[in-house]
Amino acid sequence: AAVKKGPGAWVAFETPLDTISTDQKFIQRELPRAVSAHELELHYQPIIAAHGGRIIGVEALLRWTHPQRGPIGPAVFIPIAEQMGLMDVIGAFVLRRALQEAKRWPDLYVAVNLSPLQVRDGSIVDTVRAALAESGVPPSRLMLEITEGVLIDNPEEMVRRIEDLHALGVRVALDDFGSGYSNLSYLQRFPLDKLKIDRSFVTALGTSANGGVIIQAIVALGRALGLSILVEGVETEQQRVLLRLAGCDEMQGFLFARPAPAATIDRLLAQQKQNGGKALPASGGNE
Ligand code: C2E
Ligand code: MG
Ligand code: MG
Ligand code: MG
């Protein structure tokens, strides 16, 4: 159930524990079964406009609840799914399900994460095209999230891949920016639409005197390159205020909402509508 948590948090769910200790062998044994038994499902985390605080999108996040062990986090099982060659099947499921569920939120965009192997495999373009056709959701409402690591190995091919995805009408975001190689030249080299700034930068905001300087510089650079800027992992009101001042366009984080089942998104949107389309309480947006 939703609980009121901390000043301004308008909804909060307990996230599944990242069961890092869950052993690899157990997951290898159980994952194929889980896929066929439909134990994998999607939760959605709202994405908020920095100005006005409205929900403008959702990010689909995979959830696996094992009948005996309980929740196993995607950061734990996705790398294993990749090793086992299961990511094609799982990735196609995620795209289809996210687009099916997105039909009920015609005003929102839906962001779907692609694993490195999915992006490297050229057949992703057909998988995305098929999922869009099946759902009837306009391609402009789909945002695909890729990570920096996948871009390095074969930059020319990755530029073409992004162009092929653009040709379908979808947009592409660079996820977790700043968490890995942080190669600023990528921003110019790859035809990206959105930059998702990693939450490590947000954490730095409160802990060092000049923590805000770096994030301001990244936001300015991204904007100069014509990218829309989303900051992930916003947990406090102070961070929200600083990030808005820094000029970021969108925010996502526990301050606003935790990932939750589709029905919770329905409820939040109904609540937002009831408020006359005004910002939800915690997003602090009567501006
Ligand atoms: P991500 O794409 O960067 O997703 C954001 C992660 O940060 C999610 O963790 C989310 O629950 C968490 N998060 C959101 N707001 C906050 C906050 O304010 N504070 C903190 N501490 N965390 C926050 P989650 O769901 O455990 O997912 C972890 C990663 O697993 C994702 O990182 C993504 O890389 C991967 N993943 C999740 N679902 C999928 C999927 O369907 N396909 C693929 N390929 N990867 C996925
Ligand atoms: Mg993501
Ligand atoms: Mg991210
Ligand atoms: Mg992340």
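Atoms within a ligand are numbered from 1 in the order they appear, just like the ligands themselves. As the structure is a computational prediction, the values presented were derived from the model and not from experiment.
- Selection from Thr236, Leu61, Val202 by nearest heavy atom to atom 4 (O) of ligand 1 gives Leu61.
- Applying side-chain contact (heavy atoms from CB on, under 4.5 Å) to Leu142 and the options Val137, Leu95, Val172, Leu165 leaves one that passes, Leu95.
- Between Met251 and Ala50 the shortest heavy-atom distance is CE-CB, 3.9 Å.
- To the nearest 10 degrees, the angle centred on the Mg ion (ligand 2) between OE2 in Glu59 and OD1 in Asn113 reads 90°.
- Inclusion of Pro74 in the set of residues having an N or O under 3.5 Å from an N or O of ligand 1 is not warranted.
- Taking backbone and side-chain atoms together, Glu232 has an N/O/S atom less than 2.8 Å away from the Mg ion (ligand 3).
- Looking at Arg63, Glu145, His43 and measuring to atom 25 (O) of ligand 1, the nearest heavy atom belongs to Arg63.
- Contact annotation: the side chain of Gln100 approaches that of Glu134 to within less than 4.5 Å [non-hydrogen atoms, C-beta and beyond].
- Taking 4.5 Å as the limit, every side-chain heavy atom of Trp105 sits out of range of all side-chain heavy atoms of Ile55.
- Counting heavy atoms under 4.0 Å from ligand 1, residue Glu59 touches it through the side chain alone.
- Although no hydrogens or angles enter the test, the distance criterion places no donor-acceptor pair under 3.5 Å between the side chain of Glu30 and the main chain of His66.
- For Glu145, the N, O or S atom with the smallest separation from the Mg ion (ligand 2) is OE1.
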Using side-chain contact (heavy atoms from CB on, under 4.5 Å), reason through Asp249 and Arg223 one step at a time and then give a plain yes or no.
CA-CA 10 Å; Asp249 303 296; Arg223 292 183 78 104; 2.9 Å; yes
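- Residue contact annotation: Gly73 has no non-hydrogen atom under 4.0 Å from ligand 1.
- Residue Pro259 touches ligand 1 through its side chain alone, judged by heavy-atom distances below 4.0 Å.
- Of the polar atoms of Gln252, none of the N or O atoms is found under 3.5 Å from an N or O of ligand 1, judged by distance alone.
- Set against the non-hydrogen atoms of Glu235, the atoms of ligand 1 under 4.0 Å away are 17 (C), 18 (O), 19 (N), 20 (C), 21 (N).
- A 4.5 Å side-chain heavy-atom check between Ser228 and Asp193 finds every atom pair outside the cut-off.
- No side-chain donor-acceptor contact under 3.5 Å links Gln188 to the backbone of Leu225.
- Using a non-hydrogen distance threshold of 4.0 Å, Lys196 does not register as a contact of ligand 1.
- Using a 4.0 Å cut-off to heavy atoms of Gln45, the atoms of ligand 1 that qualify are 14 (C), 15 (N).
- Within the 4.5 Å cutoff, side-chain heavy atoms of Leu62 are placed close to those of Phe77.
- Contacts between Asp175 and ligand 1, counted as non-hydrogen atom pairs separated by less than 4.0 Å, involve the side chain only.
- The closest heavy-atom contact to atom 36 (N) of ligand 1, among the options Leu42, Asp176, Leu114, Ile78, comes from Ile78.
- Listed by number with element, the atoms of ligand 1 under 4.0 Å from a non-hydrogen atom of Gly233 are 16 (C), 17 (C), 18 (O).
- Contact of the Glu145 side chain with the Asp176 side chain is not registered, since no non-hydrogen atoms from C-beta on lie closer than 4.5 Å.
- The shortest non-hydrogen separation linking Glu157 to Arg120 is OE2-O, 3.7 Å.
- Within the 4.0 Å heavy-atom criterion, the part of Val94 lying near ligand 1 is the side chain and not the backbone.
- One option in Trp64, Phe93, Phe254 has a heavy atom closer to atom 13 (N) of ligand 1 than any other, and that option is Phe254.
- Atom OD1 is the N, O or S atom of Asp176 at the shortest distance from the Mg ion (ligand 3).
- Inspection of the Glu101 and Tyr44 side chains reveals an N or O donor paired with an N or O acceptor under 3.5 Å.
- Nearest residue to atom 38 (N) of ligand 1 from Thr147, Leu62, Leu117, Ile90 is Leu62 (criterion: closest heavy atom).
- Looking only at side-chain heavy atoms (C-beta outward), Phe93 and Val35 stay at 4.5 Å or farther from each other.
- The name of the N, O or S atom in Asp175 nearest to the Mg ion (ligand 3) is OD1.
- The distance from ligand 1 to the heavy atoms of Val234 drops below 4.0 Å at these ligand atoms: 18 (O).
- For ligand 1, the atoms lying closer than 4.0 Å to a non-hydrogen atom of Ser115 are 44 (N).
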Would you check, one step at a time, whether the test side-chain contact (heavy atoms from CB on, under 4.5 Å) holds for Tyr109 with Ile47?
CA-CA 9 Å; Tyr109 75 82; Ile47 293 167; 3.5 Å; yes
